[in-house]
Amino acid sequence: MGLYAMTGGATGIGNAIKQQLLSQGNQVIVVDIKDADIIADLSTLEGRQAAVEGIAAAAPDGLDGFIPCAGVGPHISPPSMVARINFFGALAVTEGVKSLVAKKKGAIVMISSNSATMGYEQEVVDLMLAGNEAGASAKLDEIGNGQLAYGGGKYALSCWLRKASKAYAENGIRLNAVAPGFTETPLTDAGRSNPEFAEVLEEFIKSIPIGRPGLPKDIAEATCFLLDPEKAGFISGTILFVDGGHDAMLRPNSF
Ligand SMILES: NC(=O)c1ccc[n+]([C@@H]2O[C@H](COP(=O)([O-])OP(=O)(O)OC[C@H]3O[C@@H](n4cnc5c(N)ncnc54)[C@H](O)[C@@H]3O)[C@@H](O)[C@H]2O)c1
């Protein structure tokens with residue numbers, strides 16, 4: 001079967017993706033800050049480089065797919081750390097392994113969020129898309145709002161993907177994303193047990209049209225579907241919302 005690499009496979013959504021790929025008979029190279037084949041802190045340049053070099057050494061003949069899943073929630077301080085891991089870290093490793101995925105004409109599935117459309121600062125998004133990590137980080141810490149760092153990073157990631165998908169396709173790579181809604185993982189457990197966010201989050205969960213929060217398995221199923229060339233061979237540049245209908249409810253006049 002196939003050889004896949006991913007970041008953030010230690011817990012939550014990433015771990016469910018890893019388990020699903022393994023259950024299909026694939027091999028999975030995991031990069032994470034803990035419990036992984038390659039230990040790397042993706043908030044740093046050195047960590048991103050170690051991740052790319054480690055994956056290249058483990059997959060010299062190329063990859064069937066890559067999933068940059070590592071991420072932190074809006075509660076992490078300072079807000080710049082959220083952008084460093086969720087946007088700059090995800091992008092650096094994706095670009096770093098692009099040639100490995102091209103070798104096997106594989107697929108990349110990024111992990112966005114339905115938070116991407118719920119609020120961001122355009123100036124910060126522009127700095128992110130310009131690759132200005134120092135500038136985006138300084139601005140985010142000046143604003144001091146983790147939610148803007150989280151939503152903004154996921155929005156920037158989605159915009160980057162839309163723009164990059166043509167060039168990736170020309171290299172034989174299908175580049176897509178899933179945009180999960182509220183999903184029960186250690187990341188959201190941290191928010192739910194924080195008195196500052198708990199009440200708002202419970203109301204938010206109650207408003208999900210499907211009537212329940214997402215499970216890591218829900219996101220893994222959609223990710224593995226997008227990775228599969230038999231099932232999703234004509235899908236490229238797409239951001240698939242897997243959120244129980246929340247995005248449609250909140251933005252009924254946009255698509
Ligand atoms: N849970 C949700 O409701 C939700 C919704 C939308 C998007 N997401 C996204 O899904 C992805 C996975 O989140 P999750 O909810 O499973 O959370 P999680 O905390 O269970 O998993 C995050 C993973 O990233 C790793 N990680 C964190 N910081 C890192 C760093 N500096 N370097 C390397 N690895 C690091 C963690 O060790 C962990 O394995 C994230 O990108 C998150 O933004 C989650």
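Worth knowing before you read on, the calculation uses all heavy atoms, side chains too, and leaves out hydrogens, waters and symmetry mates. Just follow the structure's listing: the first ligand is 1, and inside any ligand the first atom is 1. Throughout, residue positions are numbered sequentially from 1 according to the sequence presented.
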Show the numbers, then the answer: is there a salt bridge (charged side-chain N to carboxylate O under 4.0 Å, His left out) between Lys139 and Glu133?
CA-CA 10 Å; Lys139 190 73 196 169; Glu133 185 164 358; over 6 Å; no
Can an N or O of [X] be found at a distance shorter than 3.5 Å from an N or O of ligand 1?
| X | answer |
| --- | --- |
| Thr188 | no |
| Thr183 | yes |
| Tyr150 | yes |
| Gly9 | no |
| Cys69 | yes |
| Ser112 | no |
| Ser113 | no |
| Ile13 | yes |

Could you check which of Thr7, Thr11, Ile33 puts a non-hydrogen atom nearest to atom 38 (C) of ligand 1?
Thr11
Closest to atom 22 (C) of ligand 1 among Ala116, Gly71, Gly12 (heavy-atom distance):
Gly71
Atoms of ligand 1 close to [X] [distance to a heavy atom under 4.0 angstrom, numbered from 1]:
| X | result |
| --- | --- |
| Val72 | 27 (C), 28 (N) |
| Leu42 | 30 (C), 31 (N), 32 (N), 33 (C) |
| Ala40 | 32 (N), 33 (C) |
| Phe182 | 3 (O) |
| Ile111 | 9 (C), 10 (O), 11 (C) |

To the nearest 0.1 Å, how far is [atom] from its closest protein heavy atom, and which atom is that?
| atom | value |
| --- | --- |
| atom 39 (O) of ligand 1 | Asp32 OD2, 2.6 Å |
| atom 31 (N) of ligand 1 | Asp41 OD1, 2.9 Å |
| atom 14 (P) of ligand 1 | Thr185 OG1, 3.5 Å |
| atom 13 (O) of ligand 1 | Leu187 CD1, 3.8 Å |

With Leu3, the side-chain contact (heavy atoms from CB on, under 4.5 Å) member among Asp61, Leu21, Leu63
Leu63
Got Ile17 and Met6 here, is their nearest side-chain heavy-atom distance under 4.5 Å?
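Ile17 reaches Met6 side chain to side chain.
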Check whether any side-chain heavy atom of Asp37 sits under 4.5 Å from a side-chain heavy atom of Val31, and report yes or no.
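No; the side chains remain at least 4.5 Å from each other.
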Ligand 1-proximal atoms of Ser115, by part, heavy-atom distance under 4.0 Å:
neither
At under 4.0 Å between heavy atoms, is it the side chain or the backbone of Lys34 that contacts ligand 1, or both, or neither?
side chain
Parallel, tilted or perpendicular: rings of Tyr120 and Tyr155 (30°, 60°):
parallel
Report yes or no: is the cationic atom of Lys154 (NZ for Lys, CZ for Arg) under 6.0 Å from the centre of the six-membered ring of Phe87, at an angle within 45° of the ring normal?
no
Side-chain donor-acceptor pair present, Ser236, Ser165, cut-off under 3.5 Å:
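No, no side-chain donor-acceptor contact under 3.5 Å.
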Does Phe66 belong to the same Ile/Leu/Val/Met/Phe/Trp/Tyr cluster as Phe88, with side-chain heavy atoms less than 4.5 Å apart forming each link?
yes
For the hydrophobic clusters of this structure (ILVMFWY residues joined by side-chain heavy atoms under 4.5 Å, transitively), does one cluster hold both Ile55 and Ile85?
no
Could you go through the side chain to side chain contact (heavy atoms under 4.5 Å, CB included) check for Arg162 and Ile239 one step at a time?
CA-CA 9 Å; Arg162 300 278 295 172; Ile239 294 149; 3.9 Å; yes
Asn171 side chain to Ser99 backbone, donor-acceptor under 3.5 Å:
no
Say you draw a straight line from CE of Met249 to CD1 of Ile208; how long is it, rounded to the nearest 0.5 Å?
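Atom-to-atom, Met249:CE and Ile208:CD1 are 9.0 Å apart.
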